[in-house]
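What follows is a short report on a single structure.
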Amino acid sequence: MGVAKSKQVFACSACGGVQTKWLGKCPDCGAWDALVAERLESKAKADPRGSAVQQWTQEQGGQGQVNRAVSVTDIDPKGGALARRIVTGMGELDRVLGGGIVPGSAVLVGGDPGIGKSTLLLQAAGALTKGGHRVLYVSSEESAEQVHMRAARLGVSGQGELFVLSDTSLERIGEQAARVLGEQVEGGTGKPGVLIIDSVQMVYNPAVEAFPGSLTQLRRCTAELVFMAKATGAAVLMVGHVTKDGILAGPRMLEHLVDAVVYFEGDRYHSHRIVRAVKNRFGSTLELGLFEMTGEGLREAPHGVLIAAAGAEGPPRAGTVVCPVLTGTRTLLVELQALTATGFPGAVKRKSSGVDASRLSMLIAVLEQHGGLRLADRDVFASAVGGIKVGEPAADLAMLLAIAGAHYKKAVPARTCAVGEVGLGGEVRAVAQLEQRLTEAARLGFTGVIVPKGKGKMVVPGGVKIELMGVGSVNEAIGLLG
Ligand code: TYD
Ligand code: MG
């Protein structure tokens with residue numbers, strides 16, 4: 001190795017871009033105060049096929065050591081292994097990943113500390129081994145005993161095919177991965193192995209001259225793990241932590257390196273957990289995985305969930321309205337909340353969380369112009385319960401009714417939710433997939449829905465009784481508050 005030539009550079013913690021001098025603003029992504037001083041390793045070591053990877057390929061009879069170009073006619077147009085997916089057996093996880101994990105791909109699982117990343121991956125490890133895949137679960141944060149105890153609590157046995165390693169050195173992880181998963185690739189079952197790294201932030205490559213935990217280490221280790229997946233056909237699942245202010249410490253820049261990124265959405269104070277794909281090279285990013293955190297780990301919620309401060313049966317509360325929101329093919333019933341308070345005229349606050357800020361401004365303007373509300377001197381706060389992000393215009397009506405309800409201290413009727421898009425003229429417009437939304441609302445205990453007035457007759461979903469209150473304008477809708 002010798003003494004490597006290294007020089008000081010500045011890496012952007014938002015996008016990973018490297019600059020030769022410190023700048024207040026990253027010229028690549030525009031982030032302020034994001035550059036951190038780091039040592040860059042010499043050129044010779046910059047090939048992501050580092051030591052760990054080489055050991056891995058050597059153990060497989062030396063294949064892959066030389067990367068030879070192949071004739072394009074020899075490449076399976078369906079992508080060969082890429083066409084087959086590793087079905088984890090956890091339906092909700094498979095759903096977010098577009099039907100399973102693609103062999104040879106790398107998936108990043110992001111989320112706040114304590115949200116359930118380790119739980120999900122350990123349960124996935126258990127399900128994968130049931131399906132005949134060999135799994136190496138590398139914990140860089142917990143001891144093997146701790147992982148074992150957690151596995152026992154979650155009812156994960158692994159049936160001998162689940163291997164646990166507590167280590168942070170990428171070199172040793174590569175060795176063990178080759179030992180555990182390599183023979184599986186060579187073996188007869190033909191089922192690709194899965195390597196789980198929990199978490200990638202703690203892994204370091206001793207050959208890289210940068211401190212463990214630095215962006216250089218993180219980028220380099222991730223690149224090597226991604227290459228490991230590609231070279232062997234095993235899949236790699238990596239955990240990445242998000243920092244308090246929402247930016248993944250590093251992992252934002254890792255998004256470019258991996259094939260798929262899924263994030264845990266929601267907060268620790270509600271039992272539901274939503275796993276959303278934000279990038280997927282091999283599938284759509286529309287799908288969600290729904291889970292509930294229980295004493296025995298994550299339970300899948302294949303139908304849908306009600307995300308509200310109280311159940312559907314609770315008494316009506318002014319300023320809160322539940323809306324059946326559609327994401328991918330799922331309907332979530334999400335409670336929208338609003339609060340109005342006396343503000344300083346000319347300097348009123350309009351704050352939103354989980355709800356689009358410009359949509360909120362638009363709804364306030366509609367309420368002023370067409371609903372007869374005076375909000376010019378009122379602060380308006382709006383949020384979606386449970387850390388959920390609601391982006392659908394179909395949630396307009398519920399948001400508007402929550403604001404009007406907060407203003408008048410009136411609520412929508414008991415067990416009633418609302419859905420509809422609001423136009424600038426104060427009209428309530430039709431929404432897509434109404435029947436699906438109604439079916440889910442009925443299933444979760446709602447008996448009435450405020451909906452856009454239909455042209456023809458209203459749809460009543462199969463078998464379930466739910467009262468439809470059609471409204472054509474925001475004024476008609478406000479008239480239903482009592
Ligand atoms: P964990 O998977 O360790 O989170 P992460 O890896 O994202 O940091 O989840 C920890 C939280 O989940 C912790 O608050 C306890 C809770 N939990 C349960 O409620 N039930 C369980 O069976 C497990 C394993 C954890
Ligand atoms: Mg964890």
Side-chain angles (χ1 to χ4, degrees), residues 88-93 96-97 106-130 135-158 162-168 173 194-204 212-213 218 221-222 225 236-252 254-255 258 260-278 288-301 305 307 386-388:
T88 64
M90 280 185 96
E92 291 298 293
L93 181 60
V96 216
L97 293 170
V107 180
L108 180 68
V109 179
D112 290 336
I115 194 92
K117 300 180 295 296
S118 300
T119 308
L120 176 70
L121 291 186
L122 201 50
Q123 285 183 250
L128 280 161
T129 52
K130 273 208 187 92
V135 180
L136 174 60
Y137 184 101
V138 180
S139 181
S140 53
E141 299 178 355
E142 292 174 89
S143 68
E145 290 73 34
Q146 280 171 316
V147 174
H148 183 84
M149 270 163 58
R150 194 200 285 252
R153 195 150 72 82
L154 294 170
V156 173
S157 75
L162 175 56
F163 293 77
V164 175
L165 172 71
S166 175
D167 210 327
T168 53
I173 292 170
V194 178
L195 174 62
I196 296 175
I197 308 287
D198 184 2
S199 70
V200 71
Q201 268 121 337
M202 296 288 284
V203 173
Y204 77 98
L218 184 57
C221 290
T222 306
L225 287 163
V236 178
L237 293 172
M238 293 178 252
V239 165
H241 292 296
V242 189
T243 46
K244 275 273 170 291
D245 40 5
I247 1 172
L248 274 160
R252 258 291 129 80
L254 301 186
E255 286 180 4
V258 297
V261 182
V262 300
Y263 278 107
F264 268 87
E265 202 174 285
D267 56 41
R268 271 187 282 168
Y269 313 105
H270 290 82
S271 63
H272 69 267
R273 295 286 184 275
I274 292 179
V275 180
R276 204 191 280 272
V278 296
L288 293 177
L290 294 180
F291 299 91
E292 276 172 89
M293 184 59 93
T294 70
E296 288 85 48
L298 290 163
R299 189 171 43 210
E300 300 186 43
V305 285
I307 301 159
I388 304 301

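Numbering of ligands and ligand atoms starts at 1, following listing order. Heavy atoms only: backbone and side chains are in, while hydrogens, waters and symmetry mates are out.
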Practice item. Take every heavy atom of Asp112, measure it against each atom of ligand 1, and state whether any distance is under 4.0 Å. Key: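 In this structure, Asp112 qualifies as a contact of ligand 1 - some heavy atom is under 4.0 Å.
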What do we get for [X] next to ligand 1 when only non-hydrogen atoms under 4.0 Å count, side chain, backbone, both or neither?
X      : value
Lys117 : both
Glu296 : backbone
Pro113 : backbone

Practice item. Compute the shortest N/O to N/O distance between Ser118 and ligand 1 and return yes if it is under 3.5 Å, no if not. Key: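 There is such a contact, yes.
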Review point. Do any nitrogen or oxygen atoms of Gly116 lie less than 3.5 angstrom from nitrogen or oxygen atoms of ligand 1?
Key: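 Checking ligand 1 against Gly116, an N or O pair does fall under 3.5 Å apart.
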Check your understanding: Of the backbone and side-chain N, O or S atoms of Ser118, does one lie nearer to the Mg ion (ligand 2) than 2.8 Å?
Key ->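 Given the 2.8 Å cut-off, Ser118 counts as a ligand of the Mg ion (ligand 2).
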Check your understanding: Are the side chain of Lys117 and the backbone N or O of Tyr263 linked by a donor-acceptor pair below 3.5 Å?
Key ->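 Judged by distance alone, no pair lies under 3.5 Å.
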Review point. Which pair of non-hydrogen atoms, one from Ile196 and one from Ala125, has the smallest distance, and what is that distance?
Key: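 What the structure gives for the nearest pair is CD1-CB, 3.9 Å.
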Exercise for review: Looking only at non-hydrogen atoms, find the nearest pair between Leu97 and Val107 and report the distance.
Suggested key: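 Taking every non-hydrogen atom into account, CD2-CG1, 3.9 Å.
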Practice item. Could you list the atoms of ligand 1 found under 4.0 angstrom from a heavy atom of Arg153? Key: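 Those qualifying, in numeric order: 21 (C), 22 (O), 23 (C), 24 (C).
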Check your understanding: Counting heavy atoms only, which of Leu298, Leu154, Asp198, Thr294 comes nearest to atom 20 (N) of ligand 1?
Key -> Thr294
Check your understanding: Could any protein non-hydrogen atom be found less than 4.0 Å from atom 15 (C) of ligand 1?
Key ->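 Within 4.0 Å of atom 15 (C) of ligand 1, no protein heavy atoms are found.
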